[in-house]
Every structure is written in C-alpha cells, then in structure tokens.
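Okay, so here's the structure we're looking at.
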Amino acid sequence: MTVASATGRAWWGTGGLVRRKAIPQAGWMVLATVVGFLVLWPILQLQWRAFVDGGSAFARVLALPRIGTTLQTTIVLAILSSVLAVFIGTLLAWCASMLPERVRRIGEVAPLLPLVVPAVAAVTGWIFLLSPKVGYLNMILRKLPGMGGMEEGPFNIYSVTGIIIITGLLLSSFVYVFVFTGLKNMGQELEAAAAACGASPAMRFFTITLPLLRPSIIFATGVVFLLGLGQFTAPLLLGRTAKIDVLTTEMFYLTERYPIDFGLGAALGFPILAIGLLVVLVQKLALGEQRRFVVVSARSRYNVRETRPWAAVVIGIYLLVTTVLPLLALIYVSISPFWSGSLVVPEFTLRHWTSVLKNVGLVDAIWTSVKTSVIGIAILIPLGFLMAFALLQSTRIIRPARMAIDLFATLPIAVPASLMGFGLLFVYSQPPIQIYGTNAVLVVTYVTLMIGHSTRLQFTTLVGTGQEFLEASRASGAGALRSLFYVLLPMCRKGIAATAALTFVLLFHEFSASLMVRSARTQVIGSVMYDVWAGGVYAEVAVLALIMVVVTVIGVLIAGWLGGTDSVQRKD
Amino acid sequence: MQELKVEKLVKRYPGSDRVVAVNQVDVEVEAGEMLVLLGPSGCGKTTLLRCVAGLEDAQEGRITLEGKPVFDASIGLNQPTHLRDIGMVFQNYSLWPHMTVQRNVEYPLRARGAASAERTKRAREVLDVVQCGHLTDRLPAMLSGGQQQRIALARALAPRPKIMLLDEPLSNLDALLRVELRAHLRAIHREVGFTGIYVTHDQIEAFNLGTRVAVMNAGRIEQLDSANNVYERPATEYVAKFLGIRNCLALDAQGGWHSGATKLEGDLALLDGLKGPLQMYVRPQSVNLLPTSGPAPDAGQLWLSGARVTDVLYSGGEIDYVVDLGGNTLYVTARASAMRIQAGDAVTLSFSNADALVYAQGRLAGA
C-alpha cells in the first residue's frame, strides 16, 4: 500500500482522530457541569449565607438556647448509633454466611427486609410498642411477675438512648449490605487455608476474616456515621416529647417559621458538612492501601465455614424486632378505634383506612410521591449510568472531567439529606430558578440526593461486568451505541434493576429533605404523615405507614420483574 | 506404617445422586511417600484430597491419619480441618494478602501454640528451604506467582504436618517456571522427606514427583502403581488413552489377526490364547516406518504393511508422521535425521512386541 493511499483514509488521518475525540470529551464536560451545578449550587449558596455579614449567623447559633446540648446530642447520637449499627450489621453478615443450606436463600435476604419499612413507619411502630405509658410491649412487660406496681416503662422510647437504639437498628441493614457483599466476594479459600494451617474457627475469624473485611467495614462505618450525623426522622418523632434536639431538627424548626433564617440554618448545618467531608476524606485515606486486601478469587470451591442453626435464629430475632413487631403494631393500631393503651380492643374497624383513602389531600400526596419518585428514577438511572461509565474510562476521558464526576458522585453521599434539603429549599425558592411550590422541586431534590447512590451502584455493576465484553464488541466492528444497547445494557440489566429498586425505596421513603422542600401544595406521603402525626391522629399515621410499605413492596417487585432472572448474570 | 489410610470413601454432591465424585475409594500412603492423584478435570481427584483435608464431608467410609481415625461415617466422626494436623498447598496459593511473608509462614505455628522465638526460627528455616529467605517482610501482592507458590509451600511445611496435601500447586504458573519448581519440589521432598498427596492433571508432573501414581476416572482409582509401572504398563485402556498413547489398533481374529483389512504380521506370541476383539496401543515413539521395498523386520517385531504417509510435521529435533492405515489414522514420532520419507509414500509400520499394549475388554492382557 502506498503512503498516499494510507493517509488518504479518513479514520487514519489526524483530522479524523481529533474529530472523533473532541465531541465525546465535550459531552463528558457538559455532564460534569450539569451534575456539578445540581450538587454544588445548593451547598455553596447556603454556606455563603452563613459567612456573609462577617459570620453573624454563627453568633446567632451560639446565642440559641441549649445549643451546646444539641451539638453534643448530635455527635453522641452519630457515634453510638453507628457503633451499634456496625456491630449488628457485621454480626448479621457473619450469621448469614453460616446459614444452613435449607434457609440460606431466605436468610441472606432477610436482613434487608427492614429497608422495605420506611423509617417513619418503623419509628411510629416503635412508638406504639415502647411509649412509656401506653406502648403495647411496655404494657405486656409490666404484666410480668416482679414488675408489679410500675405505672410506666420499663422502656422509654422518648429518650436519647431510645433514639440511639432505634437509629442504630435502622442503619444496621446498610452495614449488612456492605459487609455481607464483602464476605461473599472474599470467598472462603483464604479461610480454608487457615483451617488447613490448624487455625480454629475463632482464630480464623479474628486473624483472617475480620482483617480482610476491613475495607467493607470501614466503608460501611463511614456511610452509617454520615447517616447517623444527619439523622432526622427518629430525633424529630421521638425527641419532641422530651425536648431532645439535634442540629437537623433545629434546622427543620427554622423552616416552620417565616421568614426563614437561612443564614442561621446554614451555620447550624456547617458542623455537619465539615464533619461529613472529613469522614469521606478519612475513609478514602483509610482505604488507600488496597493491595493488602486484594483477594485471590471470588469463585471459591471451598466451603469451610460450618453451618450453624443458631445463625438463623439470630437473623430471625433481628427480623422480628426490626420489622415484624413494628408492622404488627402498625396494623393493630390502624384497625383499632383509637390507640388507647388497652391491649384488648372491643371491636376492630376499618374507618381509619376509609378516612385516609377518602381524604383528597392524602391521596394526592401519595400520588405525588409515586410520580416524583418514578420521574426521579427515569432521570437518575441514565445519569448515574453515564457517570459510572465515565469513571471507568481511565484512558479515554480527560482527567479533569473524570475527577469532577467522581467528586460530584461522592458529595451528595457526604451531605445529609436534611441539610441538602435545607439548601435546596433556599436556592429554589428564589430567583433565578424559582421552582419552590411545584413538583419539579421534588424531582430536582430527589435527583440531587440520589445521584451519588445511582452512580456508585451502577459503577459496581459495570466493574463486575468487565471491560473485555465491551472491547470484544468494539473489536467485532460494533459502534459505541450498538455495543451499549446490545452488549452492555443487557449484561447490566439486573444491576440496573437493582439500582432502580433501591432508588425507588429510598425516594419513596424520603422524609428529611421532602419535609424541608414541601409546600402547602406539594406534599408527599412522608410530609403529610408528619402533619397527621403532629395532629395526633395516630391510627391514620399507621394507615399511611402501611400504605408506604405496600407501595414499596410493589415497586421493588416491578423492578425485580424488569430485571429478569439471574440467567444472564451467571458468569461461571 | 501407613501415614494415611482411606477406606471405602464415598462422596456425592448434594442434589445430584447419580454423580458420585468419589466412589468407594481405598488408598494408603506410606510414610515419606508422595502419592500423586492423576486424572482429567472432574475425575474426583481434588474432591478426594479435600475429603482428606476435611474441607469436604464424605458420606461413607473411613479416613485414618497416623492410625487415628479422623473421619468415620459409620460412627459419625468428622474431625474438623484445623485439628487434623495437615499442611496444604492451594492452586491459587491462598496467601493472606494482609500478612507479610513471615507472618504467613508463622501462622500455622501460631495456631499450634508455638512460642514466638521458635516461630521465627522455624519460619526462617523453611523459607530458606524454599529459597525465599530474603522475602520475609514483603506482602504477597509484591511477589511473583512462583514466589507466592514457594511461600505457600513453606507455610504448609512449617509445622511439620503429618501429611502434606498439594492441590495442583503448579498449574497456575507458566511453563518454564513449572519445570523449575517441579525440580525444586522434588529436591525438597527428598531433603525433608515429608509424606504427601499431590493432585495434578499433568502426567509429566506425576511421573517426576510421584513415588506412586494413582490414575483416577469418574470417582474411582483405575490404577495405583509405581510411576514406572503406570507409564510402562497402563492397566486399562482408559489409562493408556489418558497418558496420550495415541495409536490404537482394533484387532479381530479372522484367519489370523487383522486390524480392519490389514493383517498383523510378525512375532504374535503375545496374542497367544487371547480371543478377539482386542485393542492394541502403541506409543508414537515406539513405531518405526519402513519403506515397503525394504527388507523384512527383525525377529520379535510386529508389522503392518500397506500404510500411507499423509502428513509430515517438523517439531524441533523430531518429526511427526501422520499415517493412514485403511482409514485408521496413526502417528509416528522419529528422530529428524532418521529417514527421508515424504507425504504420499507407501510404508510398513513396525514395532517391538514388547512395546505393544494389548487390552481385552478394556483391561491389560497378561497383567
């Protein structure tokens, strides 16, 4: 072939190369800019308010009554509830790995079931059970011998301890997800090697399993600590009675007054933001030396962990405590004439159900929740997919764009939903983008909150799928789009469906940010539930909580159905 | 005295009652002996090894280590792996990535409660044996595959276990390294004198390392004998095929022995008293090609005439001839300098009757 004919071919020539590269690069920059705007705009705008006027907002914070106690409660709650969650979650993961064959499939999923019950519903259920005077469980316990003469208790859910335990239980499922995945990916070969070296099961656990799980546990600890720091639901619902406040509830009370003192809210949120960023940084540093954790093979032929029937009992108790009992309490209250504090109800009634379903405002709020969640997912899945894809392209996308995308996928996870909600309320209730009072603000809120999760989850799926399949498709002559639609998407279908399911659960249950950005005309199920709760109509709260559970289950089932069966994903 | 005794061991995998991974296996390993379990993937060799290690629970049978039963299905005895005093080398090395080389090697000693000074001393000792004394402070991720496998070997040797179990330890290494480590392993076995079971699908490894070799097929041991005997006298047709004896002649007795339409001529003493049909196996290296016009073969030879060379393949110092004999394809390997025979030439195939392996109903005749 002559030189002239070779250079004459467009795909070969310099001009062709530049044209091919320039357009996608610009596209990635646009993506980074859009997401960057979504995430940074509310945070920066709000924090700016805290620092104008020479920081007078911080002076106003310090002047708040009991601010010292509030700050202390926030931090104690974050630390103790995450310690509790990490302990329970790790224990559950360990138990799940020792389940007998017969119950393994169910047992491995069981610790995730609490996620189906919205935090608001779970907390409400717990109030019905452990309210000091009229909680069902307390009343039953008082009937036990040796408890005679007590008028209330023995448990009081309206206490810092109560809030810590409930929060810890709510967060433990998240720890389970990370640690159990870590355990599964690790395989058992390294434990088998230790057994062959003469190590007892206990020695294996402490010298091999636990150290190798360190990345999963550190990551999970960071995540639940951030969630504990921004915890809002339990302190709001449980803390009011005993005047227990945390920074996020203080911020929420600000939104209930008019005009809203955004500067004060920003200053209140500042410590959370600062600690949150610090946690993410520490997490990155702690996980830095990854090669100590490079584990040989996920598909292990070895099965060395002995099965233990009591493992199933532990998981069963966890499920009973976190899910079954609160749900039973909700059902019981929803069909009782009123929550009376009496164990025996003369007759059951459906009037709370009919009253909720006839209430136009409530039904509208439920529909708004479903609609905004579904629209949110429709935006989040492709957006997260693109971002995850960008993060994987170490050579083909310019570094600044990738780093920016990485940052914007991390920030929303580091900023608690309540704080983000407060910032969103601030920026979107004033020009230039005044969408407060419309459903659009809910969708924007949801996308901003969840873009990090959507990206991370789909990133995991893409990593698991492996680059070679895509490269094989390109090498077979398929273009980028054909490879995407015929190879990558079908292979990732299950992972994408799982992301959609989890996103739906998180959005439909969203309470903290929704409560901040709702208005009289734009209510979601979480926000109306709070109003009904504040109005003291507990039976209707129970009905709404149960509706939330039912809709969640339906949503998850639909996502599972769209994801299809395991067959495509099975790689071995 | 036997270090290990396996009796009537049966292992079925749950859910598939028909597939028996280990089927009524009896085997004994003498002290200082290296027993190689050889066979293709899925023959049950690794499962048998894992049953000995206690990483797999068998359904029937007995396993005895140094006279003490560690597994006995009849009385429900099943000692857990960590109490069996074994040393095991895994295919994927399975070094713990969070521990240095030194800590990896010390681990089995720690598990057995050895004092710190003794652990350090012994770890150094075995690391020197595997020529990795300079790597003590490294993490496994910083080592090459060959180094990792040496460390894994040192770790298994460190506590002087009753028995060493090696599960395809060389199969993840590249060819040159495999040869080197094989020689090294053989030297270590001589030097240390451990008792071991070695699982492999590679016959060269098996013959190099095995004091005795057990060839496995579908959960059973087909042949258990010295490496030399397994090579020279494969007990069954299956073993002969597995060892790569490619030339097979189906023989019928119809007015003399015939393979297809070709008559087998020469010294037929070894077929005396046998009834057809028979299978005769000959290694490619044992067959000679003679020009049809040449003199008749020597005494003690067998020959078949009327064959035709279809292809000549040069591979280094040897030549492989592909030969057609009445529709049956045969292979002959000869020194490169030996003959000038080309594709298309008519030839006579001859071989010594000592090199012919005759099987009746799949079993070696006269064995």
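Below, read A as the first sequence line, B as the second, and so on, with proteins coming before strands; counting in each chain starts at 1.
Within the model, atoms CZ of A:R204 and OG1 of B:T81 stand 7.0 Å from one another, a figure rounded to the nearest 0.5 Å. Residue A:E191 holds its CD atom at 11.5 Å from CG of B:L55, rounded to the nearest 0.5 Å.
In this structure, the side chains of B:H98 and A:R214 stay at 4.5 Å or more apart for every pair of heavy atoms. Residues A:P201 and B:H82 have side chains in contact (heavy-atom distance under 4.5 Å, counting atoms from C-beta outward). In this structure the side chain of A:T207 never reaches within 4.5 angstrom of the side chain of B:R110, judged on heavy atoms. Contact annotation: the side chain of A:C197 never approaches that of B:L109 to less than 4.5 Å [non-hydrogen atoms, C-beta and beyond]. For the pair B:Y107/A:M203, a side-chain contact is recorded, criterion being any heavy-atom separation below 4.5 Å from C-beta on.
Around atom CG of B:L83, more than 12 heavy atoms belonging to other residues, nucleotides or ligands sit under 6.0 Å away.
Formation of a donor-acceptor pair under 3.5 Å by the B:W96 side chain with backbone atoms of A:I208 is not found in this model.
Of all non-hydrogen atoms in A:L190 and B:L95, the two that sit nearest each other are CD2-O, 3.5 Å.
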